[in-house]
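The basis for the numbers below is simple: all heavy atoms, side chains too, and nothing from hydrogens, waters or symmetry mates. Throughout, protein chains are lettered first and strands after them, A, B, ... in sequence-line order, and every chain is numbered starting at 1.
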Amino acid sequence: MIALISRRFIQLVLLLFGISFLVFGSMHLAPGDPATIIGGPTASDSDIAAIRDSLGLNDPFLVQYWDYLKNIFQGDFGYSYQTKQSVAEAIAIRFPNTLNLAIASMIVAVVIGVIAGIISALKQNSWLDVTSTVFALGGISIPNFWLGTILILVFAVNLQILPVGGLSAPFWTVEGMKQLILPAITLGTGSAAMIARMSRSSMLEVIKADYIRTARSKGVKEKTVIWIHALKNSMIPVITVIGLNFGFLLGGTIITEQVFAINGVGRLMIDAIAARDFPMVQGSVLLVATLFVLVNLIVDIVYVFIDPRISYD
Amino acid sequence: MEVLEKKSLLKLDGVQKYFPIKGGFLKRVQGHVKAVEDVSLDVYEGESIGIVGESGCGKSTLGRTILGLEDITNGKVLYKDSEIQSLSGSKWKELTKEMQMIFQDPYASLNPRQRIGNALEEVFVMHTNLSSSERRQKVYDLLKEVGLKEEHYDRYPHEFSGGQRQRIGIARAIALNPSVIICDEAVSALDVSVQAQVLKLLKNLQEKYGLTYLFISHDLGVVRYFCDRVVVMYLGNTVELASSRDLYSNPLHPYTRALLSSIPRPKVGARKDRIRLTGEIPNPANPPSGCPFHTRCPLATDICKQAKPEWREIEKDHFVACHHVEQEVVN
Amino acid sequence: MSAEAVLNEEIQPETKSKKEKFLVTTFKRLIKNKLAVIGLVIIALQLILAIAAPVIATHDPLKQALADSELPAFSEGHWLGTDNYGRDIWSRIVYGARISLSVGLLAVTLGLLGGVTLGLISGYYRRLDGIIMRLVDLLFAFPGILLAMLIIAILGTSLVNVAIAISIWSIPSCARIVRGSVLTVKKQEYIQAMRSLGASDFRIHVKHILPNCMAPIIVFATMRMATAILSTSALSFLGLGAQPPTPEWGAMIAQGQNFMWTSPHMTIVPGIAIMLIVFAFNVVGDGLRDALDPNMDLNQ
Amino acid sequence: MSNELLYVTNLNTAFRTADGELSAVRGISFSVDKGETLCIVGESGCGKSITSLSLMGLLPSNGYIKEGSIDFAGRNLTTLSKEELRKVRGKDISMIFQEPMTALNPVLTIGYQLREPLMLHKKISKREANKQGIDLLKQVGIPYPEKRMNQYSHELSGGMRQRVMIAIALACRPQLLIADEPTTALDVTIQAQILDLIQDLKDDLNMGVIMVTHDMGVVAEVADKVMVMYAGEKVEEGDVESIFNSPQHPYTQGLLRSVPDVDDPSFELEAIPGSLPNLNENITGCRFHPRCPFAMDCCKTESPKEYDVNGTHRVKCWLQEVREDGSAREKVAT
Amino acid sequence: SGGSDGGNASTDVPQELTYASTSDAVGLSPIMTNDSVSSRIIEQVYETLFTRNPETMEVEPKLAESYETPDENTWVIKLKEDIQFTDGTPFNAEAVKYTFDKFRDPKTAAPRASLLEPISEVNVVDEYTVEIKTEKPYGAMLAALSHTNASIVSPEADKAQDLMKEPVGTGPFKFVSWTQGDQVVLEKNADYWQGEPKLEKVTFKVVPEVNTAISMLQTGDVQFIDAIPSEQLKRVESLKNVEITKNEGTPMYYMGFNMNREPMKDLEFRQAAAYALDREAYVKKLNGLGVQGNSIIGPKVFGFDESANEEGYSHDAEKAKEMVEKNGYGDQKLTILTANTEAYMMMAEIAQSQLTQAGFNVEIESMEWGTFLDTTKEGNFDITFMGWSNSTADGSELLYPNFHSDNIGSSNRMAYSNPEFDKLVEESRSNVDQEVRQQKLDEANKLLVEDAPAVIMHHGVVTAAYDKSVKGLQVDPTGQWSLYNVSRE
Ligand SMILES: Nc1ncnc2c1ncn2[C@@H]1O[C@H](COP(=O)(O)OP(=O)(O)OP(=O)(O)O)[C@@H](O)[C@H]1O
Ligand SMILES: Nc1ncnc2c1ncn2[C@@H]1O[C@H](COP(=O)(O)OP(=O)(O)OP(=O)(O)O)[C@@H](O)[C@H]1O
Ligand SMILES: [Mg+2]
Ligand SMILES: [Mg+2]
C-alpha cells in the first residue's frame, strides 16, 4: 500500500509535467491571443504589441515554458495576464468554495443514489423501480441550468426559505448550509442518477450469487443481506462512479457556479480560458489534475478494502 | 504395472510458495503463509501419482504453482527439461496443450456467462483448426464421455448440479488429449457410480495416450485404485512417497498411518479404531521448528523438535521424512 | 478444392445459425421485459421521426416568423408552439432528431471503444496500469473547452468532430469504470482457468472479462447518451458542429434557457425529447443486461 | 409429543427454463426424527441438492416448489411467510452448501460471516461472538483460528472453506442440519473429526441430520436411515443395515458395487452403464428402466409401486412384485 | 441639497447599495483595465478632469476648473484646488502628469493606450496647471479626457501599492475590500470635495447569471442591475418592487462586410444585403432595447445629425431579391461569422434567415470571443457582427477606429478604406472647433452610410433596473453611472 502511494506520487509529478506542457502547448495552438483579448476590439495594433511584450508572449514557446517551469520550482505559479493577480492566491480564494460544494453535492448524490439504486434493484421492474428510473433519467437529462433556476424560483424567490445564491458563510454554519442546499441538489442530481443506475445494475448482478443464498440460509435479515452482503460486492463500479463524479466536482462546475453565483474554480478556469489567461489556466489545470490523481488514489485504495482479492503488487 | 524405463516428465525441484499475509490499516505485509515449503519430486511419464495430505497442506497450491498460475517463490518446475515459469507467449500456449488442470472448485472455474457447450468448444477454437461442426461434434462426444448429454450444450454453469459441473471441468481438461493432467479433487463430488465411470475413462485415456496424472485427492480408496505412486504431504512438505501398494500395506510415516487408519469403510459397523491425532495443529504462517509434524506426532521426541528430518529412501522407491522410521521398521 | 468448398458451405450455415441463435434468444429474452419493449418502441419512433422528418414536419424548421414568435404549445398551427424566432418547435424537434441521435450514438460508441479498450488493458496488465490511468487522469484534467477549441483548430468543424470531442470526454470515465470491474473479475478463478487452458490475453479480455463487466458498461453508455446530446449544444456554441439555425435538441434547450420565464416550452419540449430517448436507451440497456445475464429468471 | 422433526410429503420441485418446465424433484416423501441421521445418496444430478434447497426455501430464482408440504416441528414451511421462514433458517434449520468457494462471501472476512448467525440468533455481543466463532473454528480443526477469522475465503484452501461452512451451519446448534456433501474436500482425519463433532451435537441436542454424500463409508458410519434417489425420485429407503446388507433396487445394488475398496488392492471398479436421464426426458414407467439389467415390460410402461421390504425398508421396483409371487423370474431381461 | 430632503424618510433603510454585474472586475486601476465592469467601479472611486453631462451631452469640467487651447496642439488645463486623494495625496498637476505619463508609457502596456495616443507631452505649468501637447491637433481631446480610463490616480498610492487591487482616487467612494470573483466593497469618502455622498456602503457583487441577478433583485439581495438583456426585460418589468430606466444610449451594433473579399467588395452586394434586412422586425424583437436607424453615428453621439437616417438603404425585400438574382449573389456560399454571445447570435440568426429569404446563400459560424477577435482581425470572414460602446460619446472615436484605413488589421475589421472618408475623419479629429467637427463627422457619416461597409443593426438603449427604494440614480447614455447622488428610502 505504501508502495502504491509512493508510486502514485512519482507518477503524479510526471503527469503534472506532461499536462502542463500539453496545456501550455494547446493554449498556444488554440486560436485567440491574450493580448488581443485584453486590448479588446478598441485596441490599436501598437497597444496590442505593447501588451504582448509586457506579457512576454514574444519569446519562443519553449523559452516561455521553461520560464514557467523555473518559476514553479520556486513555488511561483505565475500571475494572471489579465488581472495581474497571483494565480496561487486566485485559486486559494476559490478552491474552498468548490470543495464545499463538491462535498455537499456528493453527499446528496451518494445518499439519494445508493438508496434509490438499491430499492430499484430489490423491487426490479416494479413501479418503484420505474419511478426511480424515471427520476434518475430526469436527473441526468435536465440541464443543471434549468434545474438550478427552477430551484431558485421555487425555494428562494417564491418560498423565500433559502438564499438565491452566493457562498459566503462557512459550510458548518446554518447560513452556510442554507446556501449550499440548492446548489448541492442541482449538482447532486446528475451524479445521483448515475450512482442510482450503477448501484441498481451491480446489485442485480450479485443478488443471485451463491453467497447471498448462504447469508439467507443463516437467517440474516433481508436488510442485512442487501446492505452488507450484497452491497459490498456490488460497490466497485459504484465507488468508481462516485470517485469520478467527485473528481469532476472538485474540478469546478461551471453552470452551477454561475447559476448560484458561487465563486469557484470552474468559473475561474472558464474565464481564464476565455481570456487566454495562460498562467491561470495552467494553475487551475494543475490543481485539477492533482485532485484527480488523489481522488483516484483514494478510490484505488478503497477498492482494496472493498474487495480483498484486488491487489496492486 | 512395472515401469521399465522411468523417464522423468515433470521435475519439481525444491518448489516453494509463500503467500503474503496483509493486515492493519494500510494492508501491509505482516508475514507469509508457507503454503508449499519444500517439494521435490520426479513425475514419470505415463504414471499416476497421487497427492494426499491434510486439508490445507498445500496440495492445490502445489498444483497451481506447477502450472504457473501462481508465481513460484523458490525452486523450479521443469517440464521436459524446460522451466515452466519462464515460458512466454506461444511457448506457454504449447505447454497448456500438453498440461491441463482440473480445478478443485468446478463452479468457480467456469465463466458464469458462457454456455458450457461454448466453454468446451472454446478449447478447440484456441488450439485446433477444426471446423465449427467438427468442434460441436467433439463437444458432444466429450459430454457423453463424462456422462452428460448433448442437451446440456446450451446450459449455463448455474443450471447444473455440483457433480455435473465437476464433469464439465474434467471434459474441458481432457479435451485436447494433454500429456499431463493435474486433477485437483477431480472426482470428489461424483457419486460412486459416475465416479467409477469417470475414473475408468481417465484410465483408458492413460492407456491409450500414455497420459500422466497428478491426482490430488482425499479419497484414499480412489487413490489406491487409481495411482501408481502416492506422495503424502504435510504442512507444505512431502513426508512420504511410495508406490501405492507399499504405502497402503506398509505406511511408515506416523501421519500416513493416522490417515490410513481413519478411512471410513463402506460397511455398517466396520468402524475400526482409528489413530486420533491430538496436540496443536501447526500454523502454516509460523510452522514449528524441526519436523513439521512433531506437535501432533505420537512418537515425537526431542530431536523432532530440533531437526528437520531428512528425506530418505528407506526401501527401494519408498521415501520418508521421519526421525523414527528405522526404529519403527525394526519394531 | 471442391471438397473444401463443400466443407465451407457446410460450416457457414452452422456458424451463422449459432450466432443467430444467440441473437434470437437474447432478443426473445429482451422482449419479455415490458419496459424494454416500450424502450424499443420509443427508439423506433424516434428513428422514424429522424428518417421521415420531411414528411412528418409540419413546417420548414428554419423558417422564421418574428411576428409569431414564442407562441405557447398547442397554438393554432403550431402544436408545440414556436421559438423566439417564430420557428415551429415540432418541426425543429423532428429534424433535430437526426443530428442529436446520430451525434449521441456516435459519440457514445467512440467513447466506449476507447474507454473499454483502455480500461481492459489497464485493469489486466499491472505494468500498464499506471501509465494508462495517468493518461486517463490527464484527459480528465484537460479542460474540455480547450480540447474543443483545439479540435476546431486542428480538425475543423464538423459533426463527426463533435462526436469525437464528446467521446474524448467519455473515455476517461469509461476507462475507469471498466478497469474497476476488471480488477475484480480478473481475480476470479475462471479467468485463471482460461489462462491454464492457453487462452490468449485477447480472448480472455474479450470473451471472458468483458462480458462479466457488461453491467456497468451498459449503464454508463446509456446514461452517457443524455450527456452527449446535451453537450452538443455547448460545442456548437463554440462553433464546433451544428451551427444555428440547424435544429438540434441540445442547442434548442440552451437557447430556450433565456426564455425560461416567458416561454418555458422552448426548453421543456426538447428536454422531454432527450429524456424520452435516454429513457428508452436505459430501459433497453437494462433489458439487455438482464437478457445477457444467464442467472436472471425472466419468467417470474 | 412425537419424536418427529421433519415430515416431507410429495415434494415436487421444478425449474422454469428456456425449454419449458423441468421437474427436478418428483414427489418425494420422507421424514427425519429428532436425533436421527438421514443420508441421501444417489447419482450426481438426481436432485439431492435441490431437495435440500427446497427444504430451506432457498431455491435458485428459476426454481419453485410445485407441490407438497414440508412439516418442520409442527409447521408447514411451504406456507410460512418470508420473514417467518427467515427466523427458522440458521437457527432451527441450517445448511452446509456443496460448493464452499462460491457459497462464502468473497469480500467479508471469515470472522464476520461466522459471527453473524451467532449475534443474530443468540443475541450476543460481538466480542462474545468472536470468541465462540474461534471456538467453532477450533472444533472443525482449523489451525490458528484467531488468524483465520480475519482472512477472506480466497485465502483458504478448499477444505478450510468447507470447514468454515460447517462451522457457520453448526453455530446456532440447529434442530435440523442439512449437510450437502460436507466432507468432500476434507482429508479423512479431519473428516472423522467433523463427523464426530456432528455425532456429538446430535447426541447432545437431539439434532436431526440430513446428509447428502457420495461416500458410502461415511454413510455406513453415520446414517440411521438411507434414502436412495434416482432421477428426481426416491427409489429406495430404509435403515442403514438393511440398505447395505440387502439392497433391493437394482440401482442401489449398482451403486454399492461401484465403491472402490481400500482394503482390496485388486479391486476393479464397476460403473452402472448408461447415464442419468435428462430432467425433461419423458420416460414412461420406471425412470431407471433404460439402464436396468432386470428391466421387464411392465417397467417400461408403468411406474412401480412402493413396496415394503421390512418395517422401515421400502423400495419402488417392480422386481418386488416379481419376487413376491416368485414366478416371473424368467421375465427378467438381460 | 437633494439628498438632505430624503434624509428623514430614509432613517430605517440602511444607506447601502448592492449592484450585481455578470463578471468580476478585471482590476481597479483605470490605467490597466479596459472592461465595463471595472469601469463601473473605477467611476465611483476615481474622477476624470472632464465629464460629459448626461443630459446635454456637453463636456464639462470636473477635476478641471477650466481649459484653454492657446494653439491647436496645446491644451492648458487649470485644475480645481484643495482636492485630495483618499490616501491624503494632494490632487495637482503633478498627479495629472504622473497619471497620463504612466498611461502612455509603452512599458505600462495600458490596454486603452490608444485613447491618449495623440498626446506627445504632459507638462506641469504650476501646482494647478497642466499643459498637454499633441503632435497633431486632437479634436476629441476633451471627450478622451472625460473617459473613465483617463481618470486621475494618486501617484503616491500607485508607487506604494498595486492600484489594480487597492485603488485610490479622488471620487466619492473609497475602496474597502475585494474578494476576487465575488465582490468589491466601497464606502463613502467622507472628505469628498463636493460633500459626502449619501450612501454609506456600496457592494459590487458578481452574479454571472442574469436570471439569478434578477431573482436577487426580486428578493432584495441586490438593489441594482444594469444592461438587462432584451429576453429578460419582460420578467424584470413584471417585478413589483423594481423600477426600470431605459435611455437611448451610445452603443451601436452593426453588420460588417469584409471589404477585401468578393462579392462583399461590391457596393451592390452590400446594398442588396441592407435591403434584405428587415431591421424594423429585428428591433421589435429587442423589446424596446434598441433604436432603429441608418446613421452609423447614433443619436446620442457627437456628430449625429437626424438627416443621416434618411440616407442609406431601408428594408425593401423585393429590391433585394431582384439584385441578388441579377448578380447571382446566391450562387456563392458565404458565412456570417459571429461571436457566441446572445446578442450577436440573435443578430446572426435573424439576419441569416432574412438574407436567405432574399436569395443569399449564407451560413452562420459562431465562435468563442477570443477566437472571434483573432479571426476577424485576420480578416477571415465574409460577414460579421460587431458593436461599439462609444464610451467617449464622440463620433471621431467611433469612425476612426472602426472605419479609418489606419486601423485596417486591427480595429477596422472590415478593412474599409476610402480616402475621402479618411480625410473627413482626420479633419474631425484634428479640429478643435466643435462646430467644424460636427460638420465633418456628419459628412463622413453620410458617406459611410452610402458606401455601406457596415449596416447598422440598432443603436443601444442603456437600461438599469433597481429597487424602488433606490433614488437619484441616473444612467449616462454611455451606460456609465455615478452613485454620488444616490440614496435609499
Ligand atoms: N437453476 C437450474 N435450472 C435448471 N436446472 C437445474 C438448475 N439447477 C439444477 N438443475 C438441474 O437439476 C438437477 C438436480 O440437481 P441437483 O443439484 O439437485 O443434483 P445433485 O443430486 O445435488 O447432484 P450432485 O451430486 O452432482 O450435486 C440436475 O439435473 C441439474 O442439472
Ligand atoms: N491466495 C492465498 N492467500 C493466502 N493464503 C493462501 C492463498 N491460497 C492458499 N493459501 C493458504 O495456503 C495453504 C495451502 O492451501 P491449499 O489450497 O494449497 O491447500 P490444499 O492442500 O489444497 O487443501 P484442501 O485439501 O483443503 O484443498 C492454506 O493454509 C491456505 O490458507
Ligand atoms: Mg485444495
Ligand atoms: Mg448437489
Contacting moiety of A:A90, where chain E heavy atoms sit under 4.5 Å: both
Smallest heavy-atom separation, E:P111 atom then A:I38 atom, equals CB-O, 3.7 Å
Distance-minimising heavy-atom pair for E:T179 and A:I93: CG2-CG2, 4.3 Å
Between A:N263 and E:Q180, what is the shortest heavy-atom contact and its length? ND2-O, 2.5 Å
Any donor-acceptor N/O pair, E:N211 side chain to A:V259 backbone, under 3.5 Å: no
At their closest point, which heavy atom of A:V164 faces which heavy atom of E:S215, and how far apart are they? CG1-CB, 3.9 Å
Value for CD (E:E209) from OG1 (A:T149), rounded to nearest 0.5 Å, stands at 6.5 Å
Most heavy-atom pairs under 4.5 Å with chain E, out of A:L167, A:T36, A:I152, A:L153, belong to A:T36
In terms of heavy-atom proximity below 4.5 Å to chain A, should E:K205 be classed as side chain, backbone, both, or neither? neither
With rounding to the nearest 0.5 Å, note down the distance linking CG in E:D35 to OG1 in A:T83. 10.5 Å
For the atom pair CD1 (A:I262) and OG1 (E:T212), what is the distance rounded to the nearest 0.5 Å? 10.0 Å
Approximate separation, where rounding is to 0.5 Å, of A:K84 NZ and E:M32 CE: 4.5 Å
Given heavy-atom pairs under 4.5 angstrom as the criterion, report whether the side chain, backbone, both or neither of A:I37 touches chain E. both
Test of understanding: with side-chain hydrogen bond (donor to acceptor under 3.5 Å, both in side chains), list the residues that count as partners of E:T384, not counting sequence neighbours. none
Could you name the residues of residues 48-60 of chain A that have a heavy atom within less than 4.5 Å of a heavy atom in chain E? A:I48, A:A50, A:I51, A:S54
Under a 4.5 Å heavy-atom cut-off, does chain A meet the side chain of E:D182, its backbone, both or neither? both
Across all chains, not counting sequence neighbours, the salt bridge (Lys or Arg N to Asp or Glu O under 4.0 Å) partners of A:D76 are none
Under the salt bridge (charged side-chain N to carboxylate O under 4.0 Å, His left out) rule, what pairs show up with a residue in residues 267-291 of chain A, not counting sequence neighbours? A:R276-E:E368
Closest approach of E:M164 to A:Q82 (non-hydrogen atoms, all atoms of both residues): CE-O, 4.0 Å
Is a donor on one side and an acceptor on the other found under 3.5 Å between the side chain of A:D47 and the backbone of E:S114? yes
